[in-house]
Protein chains: 2
Amino acid sequence: MREINECKNINGMGNRGDERIARLVRLAARGFNRSLQIRLKTQNVTFGQWIFLRILWQEDGLSQRELSERAHLTEPTAHAALTRMEELGYVERRNIAGNKRRQHAYLTPRGWELRDQIEPLAIEANDIAVVGLNTEERDILRKALTAIIQNLEKDEADAARRGVRVPPTKGNPAA
Amino acid sequence: MREINECKNINGMGNRGDERIARLVRLAARGFNRSLQIRLKTQNVTFGQWIFLRILWQEDGLSQRELSERAHLTEPTAHAALTRMEELGYVERRNIAGNKRRQHAYLTPRGWELRDQIEPLAIEANDIAVVGLNTEERDILRKALTAIIQNLEKDEADAARRGVRVPPTKGNPAA
DNA sequence: ACACAAAACTTAGATCACGAAGATTATAAC
DNA sequence: GTTATAATCTTCGTGATCTAAGTTTTGTGT
């Protein structure tokens with residue numbers, strides 16, 4: 001058994017304190033995802049589907065674009081999830097008001113049914129994660145994360161203004 | 001233009017405080033990744049490659065398994081990254097001590113070269129992220145994230161022990 | 001009315017990550 | 001020594017996510 005040596009670099013070189021935060025955030029995010037995924041699997045719902053189901057339970061009938069905005073995800077991601085959920089019979093996509101462009105997603109009875117089964121699971125996973133943290137700590141955690149998110153968004157916006165953006169994944173013959 | 005509408009759900013129903021932490025953590029993790037990716041791209045290195053390069057700069061010659069453990073990633077992930085990095089000429093894989101099973105990865109001169117170009121970029125991205133947080137807040141942030149990671153790891157271990165299927169809130173492991 | 005811009009959805013291709021299962025090789029048991 | 005077990009790497013398929021680019025539809029300006 002190989003023991004992951006977490007302490008190794010606390011005072012070591014090359015590992016600035018700041019860097020550890022990025023790592024901790026990534027690990028925590030992965031933990032959240034996995035913990036929830038394990039639970040969702042029992043209901044045959046994937047993590048990506050849950051994200052959109054959760055939004056639709058609160059606002060049924062949103063368009064794909066609106067859904068992607070609510071979820072903070074791009075349209076292709078929303079598209080893939082919605083297509084799959086339509087196949088699974090959780091949602092149905094329709095046009096309304098004679099608009100042939102906009103596709104609104106509506107939950108089916110099956111989609112509504114899932115709510116009672118799934119929501120408790122999500123709440124449970126989230127409760128477990130913050131065990132042992134008091135109110136003040138949770139507040140600071142929220143505040144700190146919010147600040148980080150804003151700092152990084154600003155950084156990305158600055159970069160974009162200079163013409164630098166997240167590297168393309170398509171047609172990148174450079175590598 | 002992606003306008004992140006953060007305020008929308010603050011008072012909305014169905015959005016427990018705890019749940020927001022999971023979301024904030026995910027968004028922060030994504031921010032870190034994107035911010036770093038933008039910078040790494042200038043040196044033609046992907047995020048996944050950086051993770052392993054970073055480890056090798058400190059411990060050259062690790063095996064694939066050791067690398068995957070250091071990185072907290074699985075072996076297929078390490079395998080893909082190493083294969084690509086070998087193609088790119090950043091590392092070289094060799095057997096040592098007559099062991100034909102274990103594959104040790106060694107940085108090439110090119111791999112070492114990247115260090116000076118890339119490390120400052122990572123440090124910069126991380127510095128930017130925590131602007132505006134004082135020492136105490138950073139400490140609590142670290143402590144809270146560490147606790148969350150451990151809580152979720154324990155949760156996952158418990159689930160695995162029970163057969164990977166875990167709904168304590170209800171007795172319906174259907175599907 | 002017609003051309004053009006903007007909006008909305010789709011498709012394509014890449015990266016990163018994972019689990020499951022296959023293939024080798026090393027080590028332990030007998 | 002032969003067989004069983006464990007370690008290690010590899011292959012395969014899936015999913016989530018992204019950027020870029022294509023298609024169709026709607027709306028606007030002249």
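These numbers come from the heavy atoms of this one structure, side chains and all, not from hydrogens, waters or symmetry mates. So that the names make sense, note that chain A is the first sequence line, chain B the second, and so on, each numbered from 1.
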Please answer whether the main-chain N or O of [Y] pairs with a side-chain N or O of [X] as donor and acceptor at a distance below 3.5 Å.
| X | Y | value |
| --- | --- | --- |
| B:Trp57 | B:Gly111 | yes |
| A:Ser63 | A:His104 | no |
| B:Ser35 | B:Ala125 | no |

Side-chain ion pair, A:Arg115 and A:Glu113, N-O less than 4.0 Å: no
Salt-bridge contact A:Lys143-A:Asp139 (side-chain N to carboxylate O under 4.0 Å): no
Can you measure [X] atom [atom1] to [N] atom [atom2] for me and round it to whole angstrom units?
| X | N | atom1 | atom2 | result |
| --- | --- | --- | --- | --- |
| A:Arg94 | C:dC9 | CZ | C1' | 18 Å |
| B:Arg26 | C:dA17 | CZ | C1' | 15 Å |
| A:Glu66 | C:dA7 | CD | P | 14 Å |
| A:Arg102 | C:dA7 | CZ | P | 11 Å |
| B:Gln64 | C:dA17 | CD | P | 14 Å |
| B:Asn95 | C:dT25 | CG | C1' | 11 Å |
| B:Leu82 | C:dA17 | CG | P | 12 Å |
| B:Leu88 | C:dT15 | CG | P | 10 Å |

Partners passing side-chain hydrogen bond (donor to acceptor under 3.5 Å, both in side chains) against A:Arg93 (at least two apart in sequence or in another chain): A:Thr83, A:Glu86
Donor-acceptor pair under 3.5 Å, B:Arg101 side chain vs D:dA7 base: yes
Mind checking [X] for me? I need base, sugar-phosphate or nothing, with any heavy atom below 4.0 Å counting as a touch.
| X | result |
| --- | --- |
| A:Arg65 | base |
| B:Thr83 | nothing |
| B:Gln103 | sugar-phosphate |
| B:Asn99 | sugar-phosphate |

Comparing A:Arg34 and A:Ser63 on DNA chain C - which has the more 5′ nearest nucleotide: A:Ser63
B:Glu156 vs B:Lys154, salt bridge (Lys or Arg N to Asp or Glu O under 4.0 Å): CA-CA, chis, key distance, verdict: CA-CA 5 Å; B:Glu156 190 174 342; B:Lys154 179 174 175 307; over 6 Å; no
Base versus backbone protein contacts along nucleotides 11-17 of chain D [heavy-atom cut-off under 4.0 Å; B, S, -]: B----SB
